[in-house]
Amino acid sequence: MTDTFVHIAQLNLQYAQQVVLDQLDWQIHRDEFWQIGGKSGSGKSALAKALAGLEKTSGTIRIHFDRESSRPPRVLYVSNWYQFTNLEGDRNFYYQQRYNKQQKNDTLTVYAELTAYANSENLSMENLTPYLDLFGPADLKNTQLIELSSGEHKKLQLIKALWLKPQLLIVDEPYTGLDKASRQKLNDFLDGLAADGVQLVLVTNETDLPRCINRFAEIEDGKLKQVDSAWMLSKDISRTPKELPQFLREEPAFSGDLLVEMENIHIRYGEKQVLSGVDWTVRKGEKWLLQGPNGSGKSTLLSLITGDHPQAYANHIRLFGHRRGSGESIWEIKERIGLISPELHWYFDKTASVWQAIASGFYDSIGLFRHVSYEKQQKIRQLLAFFDLTADKDRLITTLPLGKQRLVLLARTLIKNPPLLILDEPCQGLDQSQTALFNAVVDELCGFGKTLIYVGHYETQLPSCLEKRIVLEKGEVQVIEEINELAY
Amino acid sequence: MANYFNTLPLREQLNQLGVAEFMDISEFADGVSALKGKKIVIVGCGAQGLNQGLNLRDSGLDVSYALRKEAIEQKRDSWKNATDNHFTVGTYEELIPTADLVSNLTPDKQHSSVIDAVMPLMKQGATLSYSHGFNIVEEGKQIRKDLTVIMIAPKCPGSEVRAEYLRGFGVPTLIAVHPENDPQGKGLAEAKAYCVGTGGHKAGVLRSSFVAEVKSDLMGEQTILCGLLQTGSILSFDKMIEKGIEPGYAAKLVQYGVEVITEALKQGGITAMMDRLSNVAKIKAFEVSEELKTIMRPLFQKHQDDIMSGHFSRTMMEDWANGDKNLLQWRAATGETAFEKTPAGDVKISEQEYFDHAVFMVSYIKAGVELAFETMVEAGIKPESAYYESLHETPLIANTIARKKLFEMNRVISDTAEYGCYLFDHACKPLLADFMKTVDTDIIGRNFNEGKDLAVDNQALIAVNEAIRTHPVEKVGAVLRKAMTAMKAIKTA
């Protein structure tokens with residue numbers, strides 16, 4: 001058939017003992033634009049990578065590139081994680097390095113990175129402008145890759161893919177970490193690409209898709225199963241509500257009323273103003289939603305609270321009643337905070353088992369370096385049961401599907417029953433049903449005197465306990481308000 | 001100034017060389033309290049200065065930076081490092097008189113002039129800290145008798161000191177108190193508190209002495225960090241080119257191979273590194289390394305003897321006084337080697353291939369690490385100190401070679417290390433010339449296992465394994481590595 005673009009037959013893929021793809025057949029015709037969704041751990045990403053030639057498989061994968069087309073005859077797979085290097089090609093960055101300024105420790109600027117990419121892929125810098133619209137850091141020439149937020153990294157990764165226009169573009173979790181406005185723009189761009197002769201495969205469970213998507217499938221028992229629409233994709237089985245372990249029903253040990261007091265915060269890197277004039281107070285028991293577009297300064301603001309930002313010493317900040325820089329150590333601060341963030345996840349110890357990952361929460365360390373007492377082990381056991389993770393306790397955290405990894409990290413933040421929970425895009429990369437599940441747990445937890453700061457982009461995907469909102473725009477506070485109605 | 005070590009009677013020389021006590025974490029229960037509320041002024045804000053300062057401040061201590069007037073006026077990198085992270089920065093005159101503890105983290109070569117400038121400004125009874133004892137031991141700098149002199153030496157590059165701290169861990173650290181300068185008896189308490197402030201207490205701390213640190217560090221720098229790897233890299237590369245291996249492949253095999261091979265060394269010692277080879281290759285590597293050790297032993301001994309007698313530091317300081325004539329000439333020559341000038345090829349080399357195709361490199365690293373360790377211990381340095389300055393340093397410098405090759409590696413390391421590196425390299429290459437004639441591509445460049453029946457004699461293998469595993473560097477290494485097992489593996493893909 002001449003209009004068959006991809007022909008996959010009898011495709012097999014195994015990870016160790018686990019069969020992921022089993023005699024899978026799949027045809028992609030020229031007018032078809034696919035969404036691959038379904039349950040976590042079903043093999044979606046594995047299939048996408050196999051299609052891009054990134055997995056060791058047996059069976060047939062034939063791609064009939066159009067030799068006449070001006071589009072590069074290539075398959076490009078955009079992974080759900082980003083990666084970048086410093087000037088020496090080194091990927092060994094460390095947690096929160098972006099806040100520690102050191103001369104000669106530079107990474108490429110965004111502009112240099114894009115120029116290098118244009119050279120290696122034979123692209124013209126003149127065509128770049130429309131894509132930058134999606135991304136839009138004001139200062140391409142001076143912003144270094146290491147200074148970008150996680151959302152901005154995602155955008156850069158997408159820009160490169162859109163700009164290249166390969167004949168087959170596969171995007172794994174395209175919307176991860178994107179703010180609302182960018183998400184709509186991305187869909188428009190993808191529609192443009194489709195009209196331009198680029199074949200698309202999106203790996204996601206989202207229902208708000210580019211208009212061109214006209215085929216929907218999931219993987220069941222290692223085989224491809226087509227469904228009628230994005231709404232028909234299988235959801236992860238929702239969790240049966242469980243009773244919260246006793247130790248989490250106790251009010252966290254903090255007697256003051258003010259947890260965070262910030263006055264007139266200014267943070268700049270060289271010429272780049274990241275936060276300016278921010279005032280914010282967080283009182284005990286409050287449940288805050290922190291919002292703002294990618295790069296608006298959300299993570300930087302939070303890093304001032306978690307003791308991760310050296311410039312905290314030059315600003316007026318009181319945490320748990322103590323002025324920053326008055327002789328406290330960052331470990332005394334971290335002890336009172338449970339944190340999840342895309343950065344923490346990105347730099348998390350790849351060699352940790354689920355059990356070790358949760359245990360490390362007692363010490364706020366990335367990696368477990370200490371003996372864990374009997375009493376602490378009991379708490380870990382209770383939390384594992386609460387999150388339905390008991391069966392996975394000895395597995396490496398990296399071998400779990402993303403949704404479960406996030407539950408492990410949530411368990412890690414809770415294990416010490418901290419007064420303040422900071423959940424910075426905890427559902428990034430999770431689909432709607434996983435997000436709903438995660439947020440239901442957050443709601444359950446927050447009933448017992450805890451204080452919450454939650455970062456999330458989509459109003460429909462938030463815990464219902466949130467009651468106040470702070471919105472940042474270009475480093476300034478745009479709104480502080482009570483939330484009366486969350487469901488839009 | 002007289003070499004301090006040479007002024008000591010033999011009894012005291014042995015006494016100070018022999019200080020090496022691996023400390024239990026319980027000895028650090030007081031945390032940073034000995035320095036709490038005291039004013040710490042760091043002199044110099046390079047990689048060690050900045051990153052130690054960031055950690056100390058994050059541990060609740062009061063840190064500021066004293067820089068030379070020119071560095072401030074010209075807004076040099078050290079000034080930018082300190083001000084970008086919102087530290088107080090001032091001149092020596094402004095800050096040193098207020099300091100309870102002055103931490104000298106400038107390059108070795110500047111120590112003498114820095115101390116001359118700083119000491120008169122220091123207040124009565126304050127503390128002066130170093131992270132390397134060259135100035136005290138080799139230059140014999142006399143410090144005012146009211147001042148306490150301590151050393152805190154993290155055994156990792158500055159960026160790692162910060163990275164490990166931020167993930168809740170630390171890097172292995174040596175601490176010491178100079179016996180001539182501990183008038184109040186507070187030296188050890190402050191050294192421990194400083195060490196806690198940098199996070200070092202979590203990764204294993206060795207109580208050392210200025211003398212033991214310097215005499216082992218100089219030996220380690222020259223023979224292991226970095227002479228050994230420099231010579232090994234050049235010999236391996238030149239041999240492959242001579243035998244017709246594709247230059248891009250050869251360059252990559254060497255540049256990244258040293259890192260991949262020594263990563264196994266870091267995680268499990270020489271045993272783990274050798275275990276990555278097939279049995280036949282392991283026996284071959286063992287034989288080659290024994291031969292190399294016999295040839296190179298006199299050279300290692302000469303280096304250690306020159307370090308102990310002070311001959312090495314004297315000639316090096318003469319070169320400093322001579323405007324670094326030798327150093328600069330040798331540095332330029334390194335930039336001209338064929339290995340340096342051949343870029344790594346765009347070829348995929350799998351992790352295992354770096355071992356299988358470089359049996360010579362494995363043998364050579366084994367020989368060098370064991371020799372350095374043995375020679376130091378024979379000279380009176382304790383096994384714990386010798387371990388840190390031999391096996392422990394090797395992966396760190398290999399990582400630098402993987403990123404920057406030799407010329408840049410030599411610029412990144414201290415001038416002392418660089419000077420010693422060239423001395424070793426220039427003596428070692430002629431020494432191995434005859435041996436290298438016997439080397440073929442089966443042990444460097446091609447897969448040693450290819451076309452071989454991989455069977456081995458049981459007895460031969462048992463004997464080789466026994467010899468590898470019972471070497472003293474493996475015994476002490478097992479204990480010390482246990483304390484730092486949590487250190488992050490360097491990504492080698």
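Predicted model only: the values in this text are computed from it and were never measured. So that the names make sense, note that chain A is the first sequence line, chain B the second, and so on, each numbered from 1.
For A/E328, the part lying under 4.5 angstrom from a heavy atom of chain B is the backbone only.
Atoms NZ and OH, on B/K202 and A/Y363 in that order, are 11.0 Å from each other to the nearest 0.5 Å. Rounding to the nearest 0.5 Å gives a distance of 6.5 Å between CD1 of A/I267 and NE2 of B/H86. For the atom pair CD1 of A/I330 and CG of B/L54, the computed distance is 10.0 Å after rounding to the nearest 0.5 Å.
Counting non-hydrogen atoms of other residues, nucleotides and ligands closer than 6.0 Å to NZ of B/K38 gives a total above 12. Around atom CG of A/N264, more than 12 heavy atoms belonging to other residues, nucleotides or ligands sit under 6.0 Å away.
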Go through the steps to decide whether B/D58 and A/Y313 satisfy the test side chain to side chain contact (heavy atoms under 4.5 Å, CB included), and finish with yes or no. CA-CA 9 Å; B/D58 278 348; A/Y313 295 100; 2.5 Å; yes

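Contact between A/S365 and B/G168 at its shortest, heavy atoms only, is CB-CA, 4.0 Å.
With sequence neighbours excluded, the residues that form a side chain to side chain contact (heavy atoms under 4.5 Å, CB included) with B/Y249 are B/I245, B/E246, B/L253, B/V347, B/I349, B/E353, B/H357.
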